[in-house]
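As the structure is a computational prediction, the values presented were derived from the model and not from experiment. When a ligand or atom number is given, it counts from 1 through the structure's own listing order.
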Amino acid sequence: MSTYHNYKPFELPQLIWPVKMGKEMGVYFYLEPVAALRGGRVVVEGRGEMIMLSSYSYLGLLGHPEIEKEAKQAIEKFSTGCHGVRLLAGTLTIHNELEKQIAKFKWTDDAIVYSSGYVANVSSISTLVKRNDFVICDKLNHASIVDGCVLSGAKFLRFRHNDMDHLEKILKKLNSGANKLVVVDAVFSMDGDIINLPVISKLCRKYGALLMVDEAHSLGVLGKRGHGVEEHFGLSPGAIDIKMGTLSKTIPSVGGYIAGSTKLIELLKHQSRGFIYSAALPPAQVGAAIAALKVIENEPERIEILHKNISHFKKAIEHLGFNTLKSESAIIPIICGETETAMEMAKLCQDEGLFVQAIPHPVVPKGTARLRCIITAAHTREDIDYSINVILKAGQKTGVISQRSKAGHKM
Ligand SMILES: Cc1ncc(COP(=O)(O)O)c(C=O)c1O
């Protein structure tokens, strides 16, 4: 019996995520425990082996022997934790090595690592802008950017998704002497499309704003050598002032980083609260991240495979009549409409062995609930073709696409 039985100081807020509906419909598929990795597949407790279409391990680096080896060596050398926060006693030689390597990978002077990508965004944005400054965001930016903007106390403005005319209108109206920070995702995590970096970078220069770009879903994915969004557009590394990324997606570890000028990194290392007041990244995770960056450089064929897999899946899915918005990345949404339809569609796919999830309203705008498919370099062509056919049948059964798409996908 709970000791909290008669203790009720206030009502908890209402749950926004449609948990009750999902459970009542028998389609709840979140917090599903994975018991083992098998390349592009996973073993799921109580379900068996499934094709993993929800993984952020874009280059299939989870399970890479070199990365595991370096993580184990870091534990052997430094043990499982640090002596505290980085600024005081928690800095290890490998933290500095990792930061140097990130800076080199992103063509900047220096870098700082935080305990997660979420912390990197919240902590850096709230350090960089203050009450009388302006922070300007794309409407579809990730929640961690939004939280950083709110916490900063700066005037928080938003422009329509990837709409450069709207951004320019906003910038034009602001006092030219005011501090302005523009923050965007490189790849948007629910739509999979890419920010118009060439134009946004020019606008920031024209109106004297700093530009910060979140590369959570573009590092290792965009560009021929996986260096990210500048490489994708063939722009100079100076196109972005503040380069943010995570160590938990393509890089199979945990943590977040900001790369930029020496002055910027020095400021963040001595003033951003998520760095100063929170423990250092543990050795194993640092070792894994260092090794992963080397693997990305040494195994460019993984990026080529990823690009081919994405193109094959996306072309086939669009050919069958599904709406994938303007996705140009490994994140390929399949628009289903209402939340119930997306959940039903996901359930049909899960029952046929696909680990794929429905993204409901209000996480995405009403009427655009979706199946969110993520393609990685770890997928085999057979598994991708099988997945396409399962999605086709589920789409027909739920009415997301017409029954006429009967031809099926040729393997
Ligand atoms: C665009 C974006 N930024 C930041 C983060 C946060 O990164 P982390 O999971 O490393 O905290 C995420 C996480 O999914 C993300 O999608």
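Here the protein heavy atom with the shortest distance to atom 8 (P) of ligand 1 is Gly117 N, 3.4 Å. Remark: minimum distance from atom 5 (C) of ligand 1 to any protein heavy atom is reached at His142 CE1, 3.4 Å. Among protein heavy atoms, atom 13 (C) of ligand 1 sits closest to Lys249 NZ, 2.8 Å. Atom 16 (O) of ligand 1 has His217 NE2, 2.6 Å as its closest protein atom, hydrogens excluded (heavy atom only). Nearest protein heavy-atom neighbour of atom 3 (N) of ligand 1: Asp214 OD2, 2.6 Å. Atom 11 (O) of ligand 1 has as its closest protein heavy atom Tyr118 N, 2.8 Å.
With ligand atoms numbered from 1 in the order given, ligand 1 contributes 3 (N), 4 (C) to contacts under 4.0 Å with heavy atoms of Ser144. Taking every heavy atom of Thr246 and a limit of under 4.0 angstrom, the matching atoms of ligand 1 come to 7 (O), 10 (O). The contact set between ligand 1 and Gly255, taken as ligand atoms under 4.0 Å from a residue heavy atom, comprises 10 (O). Under a 4.0 Å criterion applied to the non-hydrogen atoms of Ser248, ligand 1 contributes the atoms 8 (P), 9 (O), 10 (O). Near Ala216, with a cut-off below 4.0 Å to any heavy atom, the atoms of ligand 1 are 1 (C), 2 (C), 3 (N), 15 (C).
When only modelled atom types and interatomic distance are considered, Tyr207 and Glu168 share a side-chain donor-acceptor pair under 3.5 Å.
To the nearest 0.5 Å, the span separating CD1 on Ile240 from CD1 on Ile195 amounts to 10.0 Å.
Taking the six-membered ring where the residue is Trp, Trp107 and His227 present parallel rings, their angle staying beneath 30° rather than reaching 60°.
Between Glu304 and Lys308, at least one side-chain N (NZ, or NE/NH1/NH2) sits under 4.0 Å from a carboxylate O, which counts as a salt bridge. Using a 4.0 Å cut-off between charged nitrogen and carboxylate oxygen, Glu230 and Lys106 count as a salt-bridge pair.
Of the residues His83, Lys269, Arg86, the one that meets the side chain to side chain donor-acceptor pair (under 3.5 Å) test with Thr91 is Arg86. Here the options are Tyr114, Phe275, Tyr257, the test is side-chain contact (heavy atoms from CB on, under 4.5 Å), and the partner is Ser124; only Tyr114 passes. With Asp191 as the fixed residue, the side chain to side chain donor-acceptor pair (under 3.5 Å) test singles out one of Arg370, Arg372, Lys326: Arg370.
Counting heavy atoms of neighbouring residues, nucleotides and ligands inside a 6.0 Å radius, atom CZ of Arg273 does not exceed 12 of them.
Using a 4.0 Å cutoff on heavy atoms, Ala143 does not count as a contact of ligand 1. Contact between Gly256 and ligand 1 is absent, with no heavy atom of the residue lying under 4.0 Å from the ligand.
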